[in-house]
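Have a look at this one.
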2 protein chains.
Amino acid sequence: MSDTRADPVRTPRITVKDLARQLGMSVSTVSRAFYDDAVIAPETREKVLRHAAEIGYQPNPLARGLITKSSRIVGLVVSDITNPFYPEVMTRLTERLQAADFNVMLVVVSPARSEEEQVRVLLSYHPDVVVMLATTLSSAAATACRKVGTPVVFFNRSGSDEHSYAVTCDNERGGRLIADYLIDRGHRRIGFVAGRPDASTNVDRWRGFHARCLERDIPEPIASEGTTFSYEAGYAAARRLLAGPDRPTALFCANDILAIGAMDAARREAGLAVPEDVSIMGFDDIGMASWPSHALTTVRQPIDLMIDRTTVLALALARNEPCEPGVQRLPGRLVERNTTRSLP
Amino acid sequence: MSDTRADPVRTPRITVKDLARQLGMSVSTVSRAFYDDAVIAPETREKVLRHAAEIGYQPNPLARGLITKSSRIVGLVVSDITNPFYPEVMTRLTERLQAADFNVMLVVVSPARSEEEQVRVLLSYHPDVVVMLATTLSSAAATACRKVGTPVVFFNRSGSDEHSYAVTCDNERGGRLIADYLIDRGHRRIGFVAGRPDASTNVDRWRGFHARCLERDIPEPIASEGTTFSYEAGYAAARRLLAGPDRPTALFCANDILAIGAMDAARREAGLAVPEDVSIMGFDDIGMASWPSHALTTVRQPIDLMIDRTTVLALALARNEPCEPGVQRLPGRLVERNTTRSLP
DNA sequence: CTGAAAGCGCTTACAG
DNA sequence: CTGAAAGCGCTTACAG
């Protein structure tokens with residue numbers, strides 16, 4: 001603290017008082033000009049706004065927030081950034097929120113410190129709402145939010161408790177889609193490359209896939225032991241899955257990044273051609289999936305719609321409008337590329 | 001505004017006053033407990049701190065900032081998020097800043113609106129410092145910051161004006177490293193796959209590379225017309241460069257993501273084997289570069305060091321400590337993998 | 001060492 | 001329609 005004022009070169013900020021003085025008005029009047037629904041003469045408002053624009057004044061949202069109890073901050077909590085799916089979501093969501101005149105405060109949950117502790121400092125800024133971008137986050141963070149009455153919406157994570165908000169892809173349905181696709185093409189021995197075992201995306205995709213396999217009288221699919229959603233994990237799991245003599249003819253990977261690792265393992269470790277010797281499917285449809293070298297058959301998450309829903313929900317909650325809790329499950333669609341084929 | 005209080009379910013926040021009342025002290029005393037260098041009896045401080053922890057009180061940094069003129073917010077401005085290099089930097093930087101008790105306010109500059117406008121709303125929160133993660137950002141944003149006296153540090157971008165702060169890889173030296181490496185291995189006809197022409201990374205890498213080629217009496221390298229740093233751009237550029245009859249024996253790509261696109265083009269469009277028919281090099285050493293399917297020879301940016309320097313610099317500036325302006329150019333190192341070979 | 005008071009930059013009843 | 005005053009949650013000289 002002591003050094004905060006060590007070198008007072010900071011330009012002193014323009015305040016309402018300055019404006020009021022320069023315009024010969026009271027601060028109240030000046031303040032009112034910035035609120036559409038305030039009672040103020042149109043010419044007065046215009047005068048204020050014009051002058052403000054000229055000298056580059058804008059009300060300090062921090063001071064404003066003290067009174068209105070609204071910070072216009074939305075907290076964005078992320079953790080698993082290795083999945084290329086997230087940076088894209090993060091930036092697009094941020095753009096949308098910014099366009100609605102909210103600012104995003106980012107917290108990256110590092111395993112080094114407790115989730116709750118890290119969210120606590122975010123909470124001290126009184127965000128109007130926080131959105132969790134996280135398959136991976138436990139509910140500790142959400143609980144901390146709820147304790148201070150801050151609404152939270154989960155992106156890409158279901159299974160949070162009853163009265164919270166979530167928007168996800170319909171992962172279970174996606175899993176079924178994949179089972180049908182593979183089975184329709186004659187596959188019987190199918191392997192599953194798992195991601196994080198406790199992630200709802202992993203659980204739901206597997207559940208749908210597994211259920212559909214049983215419904216269609218396919219032998220129990222063999223699942224790898226899940227660890228993380230990473231290239232390396234996909235590589236390692238596929239190597240094991242494809243090592244035995246009775247290897248699967250197809251692999252469903254819990255997400256694209258796993259699938260890309262799995263493809264490399266199939267080619268380099270097991271010496272198999274994709275899709276000639278083994279079919280491989282992912283989930284998400286990240287940008288890389290469509291690169292010619294991967295050309296991955298996968299299920300595309302309805303990302304535009306998901307972001308849209310999340311934005312609308314977050315904005316409504318930030319404004320304290322009543323919203324119906326629950327998880328919105330949006331349907332994905334299967335996109336066929338070159339990593340799968342029909343068995344003769 | 002009107003709807004802000006529509007549904008007053010928000011838990012009322014605990015304030016200093018509550019603490020003071022509950023402890024039978026004045027607010028001044030309570031406040032002092034949170035400052036290490038304030039004069040206050042040790043037992044009093046402990047009593048306050050203990051009680052605060054119990055009931056989950058922490059001072060509101062917004063109100064605090066009004067007085068101290070320090071928001072403990074650092075602005076993080078990003079734009080080109082398609083390059084996987086950035087998400088990594090972004091999250092690691094954020095973690096470091098959080099660990100130092102600063103919070104990150106993220107602004108994603110979208111091409112839809114003006115840079116200055118988008119930074120303006122960040123500035124209204126009075127960040128103590130802003131760091132620009134951007135090869136791509138113009139100086140408009142930086143100018144806006146300077147106008148209100150907010151210090152800015154550029155990450156991965158040099159060539160900002162004289163009295164600003166920047167930390168980058170020594171890109172020019174990296175370009176020379178690559179020229180030497182290729183020339184030492186017998187390459188004479190070398191192509192350059194350019195990224196964004198106005199990005200300092202692109203310019204500096206090319207400059208060093210080009211200069212070194214001339215110094216060593218290699219024929220003028222042929223450069224593609226740069227557009228963006230993307231897989232697609234690398235793909236398109238390499239296809240053109242490798243199409244002619246007198247094609248280059250090696251390609252230096254301005255970054256890894258371009259290089260990966262270039263490799264795919266070489267293989268699929270030109271029918272060339274890498275490195276047998278053409279050697280390919282990138283720059284950055286993003287995670288993907290080391291995947292077995294790419295195994296890209298590249299120059300690794302000293303990312304740990306860069307992040308460290310940026311953190312230290314940003315923190316110092318946030319505290320208004322005097323810092324020496326200028327750009328810190330940190331040496332990268334060449335990492336050899338499987339996309340290059342010696343010419344016989 | 002502690003407390004009463006002023007003030008940070010705003011907004012918002014309350015009078016006029 | 002406008003202004004004077006109170007107050008949001010804090011910090012910090014200033015007395016004591």
Side-chain angles (χ1 to χ4, degrees), chain A residues 1-5 8 10-48 52 55-72 123-126 128 148, chain B residues 1-5 8 10-48 52 55-72 123-126 128 148:
Chain A
M1 276 295 105
S2 49
D3 42 24
T4 296
R5 39 218 331 264
R10 284 305 210 298
T11 317
R13 289 286 292 178
I14 310 169
T15 75
V16 246
K17 280 188 195 160
D18 300 317
L19 264 211
R21 187 167 18 79
Q22 292 164 16
L23 289 164
M25 303 175 184
S26 72
V27 296
S28 330
T29 303
V30 172
S31 172
R32 280 191 270 258
F34 292 92
Y35 288 86
D36 284 347
D37 50 0
V39 303
I40 180 176
E43 321 86 76
T44 311
R45 161 174 291 136
E46 209 203 320
K47 228 179 283 179
V48 173
I55 66 175
Y57 168 79
Q58 45 186 347
N60 181 336
L62 272 34
R64 183 181 265 191
L66 227 39
I67 303 206
T68 63
K69 305 299 180 203
S70 156
S71 59
R72 300 201 78 84
L123 256 17
S124 75
Y125 284 86
H126 298 256
D128 293 336
V148 299
Chain B
M1 278 296 102
S2 50
D3 42 23
T4 296
R5 42 221 327 266
R10 286 300 212 297
T11 317
R13 289 286 292 179
I14 311 168
T15 74
V16 245
K17 281 188 195 160
D18 299 317
L19 264 211
R21 186 167 19 79
Q22 291 165 15
L23 290 164
M25 305 176 183
S26 71
V27 295
S28 333
T29 302
V30 172
S31 172
R32 280 190 269 258
F34 292 92
Y35 289 86
D36 285 345
D37 50 1
V39 304
I40 180 176
E43 321 84 80
T44 312
R45 160 173 292 136
E46 207 203 321
K47 228 179 282 180
V48 174
I55 67 177
Y57 168 80
Q58 46 186 344
N60 181 336
L62 273 34
R64 181 181 267 190
L66 229 39
I67 303 205
T68 62
K69 305 300 182 202
S70 157
S71 59
R72 299 203 77 84
L123 255 19
S124 75
Y125 284 86
H126 298 255
D128 292 337
V148 299

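Numbers restart at 1 for each chain; the letters A, B, ... are given by sequence-line order, proteins then strands.
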Rounded to whole Å, how long is the line connecting atom CG of B:L19 with atom P of D:dT11?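 Nearest whole value for this atom pair: 11 Å.
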
Sticking with atom P, work out how far C:dA13 lies from C:dG9, rounded to a whole angstrom.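 It works out to 23 Å between them.
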
At under 4.0 Å between heavy atoms, what does B:S31 touch on the DNA or RNA strands: base, sugar-phosphate, or nothing? base

Would you confirm whether B:R45, through its side chain, and B:V39, through its main-chain N or O, come within 3.5 Å as a donor-acceptor pair?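 Judged by distance alone, no pair lies under 3.5 Å.
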
Return the nearest nucleotide to the side chain of B:V39; candidates are C:dC1, D:dG9, D:dT11.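 Per side-chain heavy atoms of B:V39, the pick is C:dC1.
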
Rounded to whole Å, please give me the gap between CG in B:L23 and C1' in C:dT2.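 Checked: the CG to C1' distance equals 14 Å.
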
Measure from the side-chain heavy atoms of B:V27 and tell me the nearest of D:dT11, D:dT2, D:dG9. D:dT11

Can you figure out which of C:dT2, D:dC10, C:dG9 approaches the side chain of B:I40 most closely?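 The answer is C:dT2, which lies nearest to the side chain.
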
What does C:dA13 pair with, Watson-Crick or G-U, if both distances are under 3.5 Å? none

Any donor and acceptor pair, going by atom type alone, linking the side chain of A:T68 with main-chain N or O of A:R64 inside 3.5 Å?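 Pair found, side chain donor or acceptor close to backbone of A:R64.
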
Of all the nucleotides listed (D:dG9, C:dC10, C:dC14), which has the minimum atom distance to the side chain of A:R32? C:dC14

Take atom CZ of A:R72 and atom C1' of C:dT11, then tell me their distance rounded to the nearest Å. 15 Å

Phosphate OP1/OP2 of C:dT2 contacted by B:S28 side-chain N/O (<4.0 Å):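 So the side-chain polar atoms of B:S28 never come under 4.0 Å of the phosphate oxygens OP1 or OP2 of C:dT2.
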
Atom CE of A:M25 to atom C1' of D:dA4: distance rounded to whole Å?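 For the pair A:M25 CE and D:dA4 C1', the rounded distance is 17 Å.
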
If you compare every side-chain N and O of B:Y57 against the phosphate oxygens of D:dC10 (OP1, OP2), does one of them come in below 4.0 Å?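 B:Y57 to D:dC10 OP1/OP2: side-chain N or O found under 4.0 Å.
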
Non-hydrogen atoms of A:Y57 and A:L19 that approach each other most closely: CD2-CD1, 3.7 Å

Does any part of the side chain of A:M25, heavy atoms only, come nearer than 4.5 Å to the side chain of A:T44, both counted from C-beta? yes

Proximity to the side chain of B:S26 - top-ranked nucleotide from C:dG3, D:dG9, C:dT11: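 Shortest atom-to-atom distance from the side chain points to C:dG3.
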
Taking the minimum atom-to-atom distance to the side chain of A:I67, which one of C:dT11, C:dC8, D:dG9 wins? C:dT11

Please report the distance, rounded to the nearest Å, between CZ in A:R13 and P in C:dG7. 22 Å

Which residue lies toward the 5' end of DNA chain C, B:T44 or B:A63, if each is placed at its nearest nucleotide?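 It is B:T44 whose nearest nucleotide is closer to the 5' end.
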
Roughly how many Å is it from CG in B:D36 to P in D:dT12, rounded to a whole number?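 Rounding to the nearest Å, CG of B:D36 and P of D:dT12 are 13 Å apart.
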
Could you tell me the separation between the CG atom of A:L62 and the P atom of D:dC10, rounded to a whole number of Å?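 From A:L62 CG to D:dC10 P: 13 Å.
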
For B:Q58, does the CD atom have more than 12 heavy-atom neighbours from other residues, nucleotides or ligands under 6.0 Å away? yes

Of the listed nucleotides (D:dT11, C:dT11, D:dC8), which one gets closest to any side-chain atom of A:K69?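 Between D:dT11, C:dT11, D:dC8, the one nearest the side chain of A:K69 would be D:dC8.
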
What's the NE2-C1' distance between A:H126 and D:dC10, to the nearest Å? 11 Å

Would you check if B:I40 and B:T29 make a side-chain contact, meaning some heavy-atom pair closer than 4.5 Å? yes

